[in-house]
Number of protein chains: 2
Amino acid sequence: MSIKKLPVIDLTTPVACCSPLVREPLDEAGATELAATFKALADPVRLRLLSLIASHAGGEACVCDLTGPFDVSQPTISHHLKVLKQVGLIDSERRGTWVYYWVLPAALERLSALLNTAEARA
Amino acid sequence: MSIKKLPVIDLTTPVACCSPLVREPLDEAGATELAATFKALADPVRLRLLSLIASHAGGEACVCDLTGPFDVSQPTISHHLKVLKQVGLIDSERRGTWVYYWVLPAALERLSALLNTAEARA
DNA sequence: CATCTATATTGACGGATATCGATCCAGATG
DNA sequence: CATCTGGATCGATATCCGTCAATATAGATG
């Protein structure tokens, strides 16, 4: 009951897969896969990398833009980028000397939708 | 340029704190705090616990409802519940012999909002 | 008070992971 | 082809974390 509105259909979301976490129990396989994605987000450096890439001009950034803001070594940055890429949160491409990374919005949207409670509060 | 629409204001979102990850670079302190929350979600058992609690009748479940569906021991379940509670995703209360847990929707909404890209694609 | 049940805490152990220095690889450039 | 630079990979190390068995605590009940 109450003022529950139908969610606005967001056409910018390519694939809003699966039922939200709070609606029905997550099965074991789904939990394992989802945990892997959250694990990739469960590190301060990786979160900042993701945020830096996404908010960078043009929606992409080369590694040379990403090593400066951190106290960790270049191999460590490279490692974190690999982790983010392996779970499908970002992708990359080499252009000449530099390698560019960008965020895959569909992946973030999927997580956002999974965490969305969107329920009427009593 | 392009067809960038203003984001639809979602009144079902209680406290949409902070700027989404993709809008501006996350600062170090924010990243550390956010990473702690994602770390709590970065485990299959904890994800299923959260989902089980949220989708349980009445929106809450006692530990006795939660130990059955898993292959892990009772102390392990207790440990995972503590982790989820420490980051503010769930809360609990003792009633007589049993301890009941429930999900704090505002915490999930905050994460959902942070991951929401809500941007026009070129 | 003794005991039983539900849950939490403790301590230990093994596997995962963040980090580094060293090195390797790929393009660019002379 | 030699060399330089941006970035990835490798191997080692230290720390973190999920798990368990054992034990402790808190209500309920006899």
Side-chain angles (χ1 to χ4, degrees), chain A residues 26 28-29 31-53 56 58 60-87 89-102, chain B residues 26 28-29 31-53 56 58 60-87 89-102:
Chain A
L26 192 60
E28 198 167 346
T32 301
E33 192 254 338
L34 190 54
T37 303
F38 281 130
K39 203 170 295 181
L41 293 174
D43 181 275
V45 175
R46 286 198 290 267
L47 278 177
R48 289 178 63 203
L49 279 172
L50 195 70
S51 182
L52 268 176
I53 295 170
H56 198 267
E60 58 181 24
C62 79
V63 181
C64 60
D65 296 319
L66 301 173
T67 45
F70 296 93
D71 293 337
V72 301
S73 69
Q74 174 268 321
T76 299
I77 295 293
S78 197
H79 161 70
H80 285 309
L81 290 170
K82 186 178 186 180
V83 172
L84 288 171
K85 186 173 177 177
Q86 277 173 337
V87 299
L89 285 167
I90 63 178
D91 202 358
S92 69
E93 182 188 20
R94 172 166 217 130
R95 285 182 217 141
T97 308
W98 296 278
V99 176
Y100 289 85
Y101 283 83
W102 59 89
Chain B
L26 193 58
E28 199 167 344
T32 301
E33 193 253 338
L34 190 53
T37 304
F38 281 130
K39 201 169 296 179
L41 292 174
D43 180 274
V45 175
R46 286 197 290 268
L47 279 178
R48 289 179 63 205
L49 278 172
L50 195 71
S51 183
L52 268 176
I53 294 170
H56 197 266
E60 57 180 25
C62 78
V63 181
C64 59
D65 297 319
L66 301 172
T67 46
F70 296 93
D71 291 338
V72 301
S73 68
Q74 174 269 322
T76 298
I77 295 293
S78 196
H79 162 69
H80 285 310
L81 290 170
K82 187 179 185 178
V83 172
L84 289 170
K85 186 173 176 177
Q86 276 172 338
V87 298
L89 286 167
I90 62 177
D91 202 357
S92 69
E93 182 188 20
R94 172 165 217 130
R95 287 182 214 140
T97 307
W98 295 278
V99 176
Y100 288 85
Y101 284 83
W102 58 89

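Letters A, B, ... are given to chains in the order of the sequence lines, protein chains preceding strands, and every chain is numbered from 1.
As rounded to whole Å, 13 Å separates atom P of C/dC25 from atom CZ of A/Arg94. Counting to the nearest Å, the C1' atom of C/dA26 and the CZ atom of A/Arg95 are 17 Å from each other. One can place CD of B/Gln86 at 11 Å from P of D/dG18, the figure rounded to the nearest angstrom. To the nearest angstrom, C1' of D/dG6 lies 11 Å from OH of A/Tyr100.
Checked against C/dT5, C/dT7, D/dG6, the side chain of A/Trp98 finds its nearest nucleotide in D/dG6.
Phosphate contact (OP1/OP2 of C/dA8, side-chain N/O of B/Lys82, threshold under 4.0 Å): absent. A sub-4.0 Å separation between OP1 or OP2 of C/dA8 and a side-chain N or O of B/Tyr101 is present.
Counting only heavy atoms from C-beta outward, the side chains of B/Trp102 and B/Glu93 approach each other to under 4.5 Å.
Nearest heavy atom pair, residue B/Ala31 against residue A/Pro44, reads CB-O, 3.6 Å.
Taking every heavy atom of residues 73-81 of chain B and every atom of DNA chain C, pairs under 4.0 Å involve B/Gln74, B/Pro75, B/Ser78, by number. For DNA chain C, the residues of residues 31-50 of chain A within the heavy-atom distance limit of 4.0 Å (strictly under) are A/Lys39, A/Asp43, A/Arg46, sorted by number.
With respect to B/Lys82, the side-chain contact (heavy atoms from CB on, under 4.5 Å) criterion is satisfied by exactly one of B/Gln86, B/Lys85, B/His80: B/Gln86.
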